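Since the structure is predicted, the reported quantities are computational estimates derived from the model, not experimental observations.
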Amino acid sequence: MTDLQLRAQSFEIAWKYLDQSGLLTGEHRESARFILNRIDRMMLRGEKRRLLLSNAAIDAYRVRPLVVIANA
């Protein structure tokens, strides 16, 4: 499996879980960027286990700080 395939599969697992569980909130582009960023950082450190990558992205997404922008 190539790194691109590993990245795509890990993202798909995380995205489907978050979507089906109702945890996917906000702008989808920003959510996707957050998830991919987490997967990419772990892969750069040498992680190659698909489920570990996806589960770590899910966990990070769950506890990410939410930024609320109020209209003045």
Side-chain angles (χ1 to χ4, degrees):
M1 174 182 318
T2 68
D3 282 351
L4 287 177
Q5 290 170 323
L6 175 62
R7 182 181 191 250
Q9 289 178 9
S10 299
F11 174 81
E12 185 176 352
I13 292 166
W15 188 267
K16 281 185 179 180
Y17 174 83
L18 291 166
D19 189 35
Q20 291 175 356
S21 65
L23 295 171
L24 206 55
T25 59
E27 173 63 38
H28 281 189
R29 180 176 287 163
E30 291 300 319
S31 297
R33 192 173 299 143
F34 182 92
I35 293 165
L36 286 170
N37 185 306
R38 178 65 178 180
I39 291 169
D40 289 344
R41 285 187 293 150
M42 292 183 69
M43 288 181 69
L44 285 172
R45 291 192 310 247
E47 185 55 60
K48 301 291 184 189
R49 293 173 287 180
R50 184 180 60 218
L51 290 179
L52 189 84
L53 292 166
S54 57
N55 286 339
I58 290 166
D59 289 343
Y61 187 85
R62 284 180 171 169
V63 298
R64 79 197 184 292
L66 295 176
V67 177
V68 177
I69 301 173
N71 291 332

A.B. asks: Are Leu6 and Leu52 co-members of a hydrophobic cluster defined by side-chain heavy atoms under 4.5 Å apart?
C.D. replies: yes
A.B. asks: Does CZ in Arg49 sit with more than 12 non-hydrogen atoms of other residues, nucleotides or ligands closer than 6.0 Å?
C.D. replies: no
A.B. asks: State the OG-CH2 distance between Ser54 and Trp15, to the nearest 0.5 angstrom.
C.D. replies: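 Reported value, rounded in 0.5 Å steps: 14.5 Å.
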A.B. asks: How many angstroms lie between atom OG of Ser10 and atom CD of Glu47, to the nearest 0.5 angstrom?
C.D. replies: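 Reported to 0.5 Å precision, the distance equals 9.0 Å.
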A.B. asks: Would you please name every residue forming a side-chain contact (heavy atoms from CB on, under 4.5 Å) with Arg62, sequence neighbours left out?
C.D. replies: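 With neighbours one apart ignored, the set is Tyr17, Leu23, Ile58, Asp59.
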A.B. asks: Between Met42 and Met1, is there shared hydrophobic-cluster membership here, with clusters defined by ILVMFWY side-chain heavy atoms closer than 4.5 Å?
C.D. replies: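 Met42 clusters together with Met1.
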A.B. asks: Nearest 0.5 Å, please: how far is CG in Asp40 from CD1 in Ile35?
C.D. replies: 12.0 Å
A.B. asks: Are side-chain N/O atoms of Asn37 and Arg33 paired as donor and acceptor at under 3.5 Å?
C.D. replies: no
A.B. asks: Once rounded to the nearest 0.5 Å, what's the spacing between atom CG of Leu36 and atom CG of Leu53?
C.D. replies: 11.0 Å
A.B. asks: Just do the side-chain contact (heavy atoms from CB on, under 4.5 Å) check on Leu18 and Thr25 with the steps written out, would you?
C.D. replies: CA-CA 9 Å; Leu18 291 166; Thr25 59; over 6 Å; no
A.B. asks: For Lys48, is the NZ atom crowded, meaning more than 12 foreign heavy atoms sit under 6.0 Å from it?
C.D. replies: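 Yes, enclosed.
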A.B. asks: State, with a plain yes or no, whether a side-chain heavy atom of Arg7 is found less than 4.5 Å away from one of Thr2.
C.D. replies: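 No, every pair of side-chain atoms sits at 4.5 Å or beyond.
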A.B. asks: Go through Leu24 and Tyr61 one step at a time and tell me if the side-chain contact (heavy atoms from CB on, under 4.5 Å) criterion holds.
C.D. replies: CA-CA 9 Å; Leu24 206 55; Tyr61 187 85; 3.8 Å; yes
A.B. asks: Counting neighbours of CD on Glu12 that are heavy atoms of other residues, nucleotides or ligands and sit closer than 6.0 Å, is the number greater than 12?
C.D. replies: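 Counting other residues, nucleotides and ligands, CD of Glu12 stays at 12 neighbours or fewer.
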